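Here's the structure, in structure tokens; my notes come after.
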Amino acid sequence: MSELESFRMEVREFLEANAPRSLRGTSPSGPFDGYWGGKKHPPVDPDVLKWRDVCYERGFTAPTWPKEYGGAGLSRKHAAVLYEEMRALGLPRPVVGFGFAMIGPTLLEFGNEEQKHEHLPKIARGEIRWCQGYSEPNAGSDLANVQMKAERDGDEFIVNGQKTWTSHADKSDWIFCLVRTSQEDRKQRGITFLLVDMESEGVSVRNIDLISGSSPFCETFFENVRVPVRNVVGQIGDGWTVGKALLQHERSNIGSSIGRQPGSGQRELVEKARHHLYWDGKRLEDAVMREKIAALGMEEEAFQLTLDRVAQKAQAGGNPGAESSILKVVATELKQARYELGQEIAGAAGLGWTGPGFSESDLEFTREWLRSRANTIEGGSSEIQRNIIAKRVLGLPDAK
Amino acid sequence: MSELESFRMEVREFLEANAPRSLRGTSPSGPFDGYWGGKKHPPVDPDVLKWRDVCYERGFTAPTWPKEYGGAGLSRKHAAVLYEEMRALGLPRPVVGFGFAMIGPTLLEFGNEEQKHEHLPKIARGEIRWCQGYSEPNAGSDLANVQMKAERDGDEFIVNGQKTWTSHADKSDWIFCLVRTSQEDRKQRGITFLLVDMESEGVSVRNIDLISGSSPFCETFFENVRVPVRNVVGQIGDGWTVGKALLQHERSNIGSSIGRQPGSGQRELVEKARHHLYWDGKRLEDAVMREKIAALGMEEEAFQLTLDRVAQKAQAGGNPGAESSILKVVATELKQARYELGQEIAGAAGLGWTGPGFSESDLEFTREWLRSRANTIEGGSSEIQRNIIAKRVLGLPDAK
Amino acid sequence: MAERPHLNLIANAEQKMLAETARKLVEEKAPVERLRELRKPEHPKGFSRSLYSEMAELGWTALLIPEAYDGLGLGLFDLVGVLESLGRELAPEPLLTSALLGAYPILEGESEALRQRFLPGIASGDAIVTLAYEEEGLRDYYERPSASITAYNAGYVLNGTKIQVADALVADAFVVTCRSAATDSLAMVLVEANSDGVSIERQYRVDSRVVGIVRFENVDVAEDEVLSLEAVPLFNKTLNRAAVGLSAEMLGAAEKAFEDTIAYLKERVQFDVPIGSFQALQHRAATLYCELELLRSSVYAAAAAADQAEEAFPRLAALAKARANETFLHVAKEAIQMHGGIGMTDECDIGFYLKRAQAAAWSLGNTSYHRRRWAELNGY
Amino acid sequence: MAERPHLNLIANAEQKMLAETARKLVEEKAPVERLRELRKPEHPKGFSRSLYSEMAELGWTALLIPEAYDGLGLGLFDLVGVLESLGRELAPEPLLTSALLGAYPILEGESEALRQRFLPGIASGDAIVTLAYEEEGLRDYYERPSASITAYNAGYVLNGTKIQVADALVADAFVVTCRSAATDSLAMVLVEANSDGVSIERQYRVDSRVVGIVRFENVDVAEDEVLSLEAVPLFNKTLNRAAVGLSAEMLGAAEKAFEDTIAYLKERVQFDVPIGSFQALQHRAATLYCELELLRSSVYAAAAAADQAEEAFPRLAALAKARANETFLHVAKEAIQMHGGIGMTDECDIGFYLKRAQAAAWSLGNTSYHRRRWAELNGY
């Protein structure tokens, strides 16, 4: 038995002995997506906390992180085995969120020892919940257009300005921000990556409602907020380097999240068609709709196969390659097309905002249809993605 | 009876008395599109020449041109009546071609007396056939990128270079060209509009085959061709002004040519479907195809109604308006879509290049399908048209 | 396949003035942001009754009603200009409802008594009559409803449930599509809202319009409240007219969403330039502009054909609605994309246009429905 | 709806080398401009027999044939890499014809005699066998041909006419789809080209491929020349395999047309900049790139599923061909538009790609056909 296989056995035993029964079968497609943690977290199922604790003890909440920072020091391959076994039992990740997925890896790469020791263990235990402060109202796709000012005053910065699209800011304890510490000729310069405790005086948060209803997004305002200079990650004025690296963590998550459940889009549409359309024995009567669903189902499968191919290439040790640049734009436009077609299938039944007279599942689908319009805007708009493909992959020249 | 109505009576009498029986019912949708004239014209039906002669005598070959240049000096409204009556009898225009439609109006606007007297009557009689020398191999959509050189030598220019896409150059007697007479900072400057007798030494012509087969297009080469300076139209170096005005004549013809036969596209497709697809009584069996034809037929009708609306606005004395800017791009893309759908209907029967095993009408349709790909390139590509709409109609800013 | 008739596609001076007046009034008193208030549960009507009265005073509700019933006896082209103006701000005042959905079947139906009873009130704006034709699971088989009437005494009894009935909560009466048990054909009858056995429940729709579930339980229908017992032609005529009216609203809405987007493209700066200078966006904007112009021609042509009583009218009505569905949705989606993140927020008005586009596309015949009708009318 | 199996989507080292060899040979000896010569009436074969022999020597014709019949016994994934390379230059050498259209039904059919008679020759490149399945007016009801066999003596007699038969003029034998009069079912039989009653006429197709009308007039078919008398499964299996092979050619062709276009965008200067710097074109090019990547995954997956004998194979074959149809046509149309005027001339190679795209899209099932199959296989 290889070392990896014996690790797998070990994990199985651990999970069998320690994973609470009540959590098994709840993830990843179940109702529970994992423990987001933080000081403001509402009262939580004690089994979730128990699950977090037993994992933390073994370093399994952040398995690839070094032991000294609360991880288990596992290789990627070992961590993959761990996750496979958790998935096999339908277990949620013990700790999830921006801390674990984004600022954690960034601190490991760019943080100093003090910062790592201070923040990483708390993230691994889910004690502190983090949110992201990148976007500003006047920036949009132009992320480097950072206007929020941080002026030096001795050992502190005085921060003034506004961030937007800060997901879950209302539930978070700390925020990592790009701030402007000096004006330079290129706007990518003079940006600093700063960690801010949201309990500091002068920080306030307002929820953003979307066209689809309430949302996790917030606007976060900073008015004369004092932040210690030691909260800078990397060099002062070199925050763009840190910020860009962090964005890689974000992007790589988006495309693959769509392909997670193979064939699910088509299945959902056919299910919808079963409810709302006429059937002729085993066949959908409306030939036009049948072809539309098939066209969509095919595109979805082609995309999932592309995800597989990218993954196999990466596994084979090769560069993930140019193919991966298409994932975000294809995934999001496909998702929109799926919701549009679903709405076409639902017809008048898809026009509800709340009850009565509309089914729960139709209402939810309608909200998601509206929400899906943001997919091609957030996380690098489709326009930005196509610019990137044109320039980086196809090597087309910059507009003069 | 209004003056216009009495003119109509007069025209009717004239046509009844003079229009050869053999030509009635041959146009505009018939096989004959009119007399193109010129010295190289192949032997022609004597009735066509007779028709030309009786019309020329009354100035009816170019009815709006002044009498002194071979026209009838009619107002636009009167000319419209004349054409209506010709159309009612299915008569072709007595003289057609680039002379009548393009260089004639341009000379009327920009030519000097000598030029008007020399060229217009010959155009009106169809004695001289003209072609257009605008495009060059390296210009494409960038029409102002004129490289063909004309160097002054006393009373003459010595012309060297190449024009392309010169329709019917092989059958034409004269060519009107944009030539470069000086290098300036803006390339629109230093262009001169020049008339060249194609019998001059050093002019040669080569036919261009298209992907759809043979074509009227030619490449026209100029090697040390001597052209008298008096053949300049407008000012030396100011040919862009003349050339642009001439292009207006071209563009305004393209859009409307598509709408000339209302409903014809859909009719043709349904006819094709009758041949190639299965019918269920009066209804096309294939619901998907039925919807595709309907969608196309609807777009066609919407376009034709837009043509009508533009025409009615113009008639009402108003500005033709922003709507007219869309005609070219919509007409050509619609035409392409129609041919694509026709090919979809024809299926394997639409794959022939020549016989045997393919019907004449399918073969012709296939060639036209291929030819239609050029419609969105020639006469101002769809890209150029959209630039124009974005900038001139929508007022969007230039790219920096 | 019929030839195209000559249609007058340009508004005359009176029509222009009417539309201009409407546009100013709507811009001033009915800006789209009003919907954030009107959509709340505490506004059961979903529109402003006083503004509607003002519209009625300007004659809009009377436009299509013959002079014999105190109307102005004008045409659909006149109304289309007004509806286009309402559409620009997505104004929910029930002009389309009353002037077309309710009044038209009464006007063209078989009951003179109903004409006298309702048309003057509709013309004055005092009465609101709506059409109840949607049912759960019916989709676009409008001529085969489950609701039905059976003979009873000298009249009939109506049973059935209609959904998403426009302006159900304020309607004085409903024109109801139902199956006549005797003839096994589509019938249309009128029922007053306060009749015994009628109950109404508000529905909350994505486009903030107030619609309702209307239940009819053993409701008496008198002989002279029957509009038609062989109602397929009457229903189709009603659908056609109303579809053109709705298309006009959609045209106005699409055009406003487009204008707002173009304005945003000029004003929003990214990467140090206005985003409207990016050619990819310019070309997409140009494409939308083309579609809008084609839609405009289609709507005006359908209205003109109605007024000129042209045989082509049903075809052109199908054309107008199919293109309105496609164009408005396309414009609305692009409008949000071009607005970027801000376009996704409820604070920004542009999202209302997408919601309305979806709802309007599924009212009075979706695209597929009208394409099928078009194909049928063109003989294939 | 079935779950997706694990499919190996990456070529192994041998497969890469095979494809690379093919690509080099084709680039060197079969550049697309060759078609201007080959399409002429004086080239009745429409391809180079000596080049085909060279391909056979490299083992390409033997790839799929079992070792028992002198083949290499490899898989579809191996062949797909070679076909992709041929596709890049639209090379008309009949590899797809022989290796799939002809060999596959013989291999999977019921006649061991035919296997022994033909497979070794196909493997060595000496014999060319093709499939005759298209008929006038048949469209894609492939399983309902007019050609038919009736029992006669110990065997059958075949009558009928097939059109656009690939490589008809050089084929040694035809696999023919026909109706069995006795069973009223689809049958597949083999007929040698030099049999009495077979006549062949060249057809000129838009894509410069040599195809032919093949007429069968009272042609004798021996008992052991019958591949199947209940041939729907055999035909579908053949169509699926061949469709994947054709999709691989189309992938290669689309990818080459795309590369040529990108190169042109970089080199062609207008308005003093390379036209590839225009964002509207950049975004369209990026969209094509995405479509190509999805097509590539689909083709490789279908080939892998065939080799892994996965149940999902028929679904994935439909996916590959449907997407190949759409993508290749889209790429080819955009390629011409982006080349501008020069792209319209016969002197420019890019036009060949559009012509081939159209012809390929209508061979072995159009998009609509494969979507319907997909829907069926997914239970709706």
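Because the structure is a prediction, the values reported are computed rather than measured. Letters A, B, ... are given to chains in the order of the sequence lines, protein chains preceding strands, and every chain is numbered from 1.
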*Grab the two heavy atoms, one from B/Pro397 and one from C/Gln282, that are nearest each other, plus how far apart they are.*
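Of all heavy-atom pairs spanning B/Pro397 and C/Gln282, the closest is O-NE2, 2.8 Å.
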*Do C/Asn378 and B/Val270 have side chains that get closer than 4.5 Å, going by heavy atoms?*
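Side chain of C/Asn378 against side chain of B/Val270, heavy atoms only: no contact under 4.5 Å found.
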_Counting C-beta onward and ignoring hydrogens, is there a side-chain heavy-atom pair between B/Ser325 and C/Tyr289 closer than 4.5 Å?_
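Yes, close enough: below the 4.5 Å cut-off.
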Select, from [options], the one with the greatest count of heavy-atom pairs under 4.5 Å involving chain C.
{"options": "B/Gly395, B/Ala294, B/Ser382", "value": "B/Ala294"}
{"options": "B/Glu383, B/Arg309, B/Lys391", "value": "B/Arg309"}
{"options": "B/Val393, B/Ile389, B/Asp280", "value": "B/Ile389"}

Please flag which part of [X] lies under 4.5 Å from any non-hydrogen atom of chain B: side chain, backbone, both or neither.
{"X": "C/Thr367", "answer": "neither"}
{"X": "C/Ala320", "answer": "neither"}
{"X": "C/Gln279", "answer": "side chain"}
{"X": "C/Ala322", "answer": "side chain"}
{"X": "C/Leu281", "answer": "neither"}

*Between the side chains of C/His6 and B/Asp308, does any donor sit under 3.5 Å from an acceptor?*
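Side-chain D/A pair, C/His6 to B/Asp308: absent.
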Hey, what do you get for [atom1] ([X]) to [atom2] ([Y]), rounding to the nearest 0.5 Å?
{"X": "B/Gln304", "Y": "C/Leu294", "atom1": "CD", "atom2": "CG", "answer": "10.0 Å"}
{"X": "C/Phe258", "Y": "B/Leu394", "atom1": "CZ", "atom2": "CG", "answer": "4.5 Å"}
{"X": "C/Cys290", "Y": "B/Leu327", "atom1": "SG", "atom2": "CG", "answer": "9.0 Å"}

*Max heavy-atom pair count under 4.5 Å with chain B, selected residue of C/Glu376, C/Glu293, C/Arg373, C/Glu326*: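 Most heavy-atom pairs within the cutoff with chain B belong to C/Glu293.
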_Interface moiety of B/Asn387 toward chain C, non-hydrogen atoms closer than 4.5 Å_ =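 Both parts, heavy atoms under 4.5 Å.
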_Atom group of B/Glu299 that falls short of 4.5 Å from chain C, counting heavy atoms_ =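 Both backbone and side chain.
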*asked:* With a 6.0 Å cut-off (strictly less than), is the heavy-atom count around CD of B/Glu360, excluding the residue itself, greater than 12?
replied: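 Open.
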*asked:* Take a 6.0 Å sphere around CE of B/Met9 and say whether it holds more than 12 heavy atoms from other residues, nucleotides or ligands.
replied: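 Atom CE in B/Met9 is crowded, with more than 12 foreign heavy atoms closer than 6.0 Å.
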*Partners of C/Tyr300 by side chain to side chain donor-acceptor pair (under 3.5 Å), sequence neighbours excluded?*
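C/Tyr300: side chain to side chain donor-acceptor pair (under 3.5 Å) contacts with C/Glu84, C/Arg296.
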*asked:* Looking at C/Ala286, is its backbone amide N or carbonyl O close enough to the side chain of B/Gln385 to form a donor-acceptor pair, meaning the two atoms are under 3.5 Å apart?
replied: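 Absent.
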_Donor-acceptor pair, distance only, cut-off 3.5 Å: does the side chain of B/Gln312 make one with the backbone of C/Leu9?_
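Here the side-chain-to-backbone pair exists.
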*Salt bridge between C/Arg315 and B/Glu301, side-chain N to carboxylate O under 4.0 Å?*
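A salt bridge is present here (some side-chain N lies under 4.0 Å from a carboxylate O).
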*Looking at B/Gln266, B/Met289, B/Glu271, B/Arg283, which hits side chain to side chain contact (heavy atoms under 4.5 Å, CB included) with C/Tyr380?*
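Only match with C/Tyr380 under side chain to side chain contact (heavy atoms under 4.5 Å, CB included): B/Gln266.
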*In sequence, state the C-alpha distance, the side-chain angles, and the governing distance for B/Leu396 and C/Ser277, and then conclude on side chain to side chain contact (heavy atoms under 4.5 Å, CB included).*
CA-CA 6 Å; B/Leu396 292 172; C/Ser277 66; over 6 Å; no
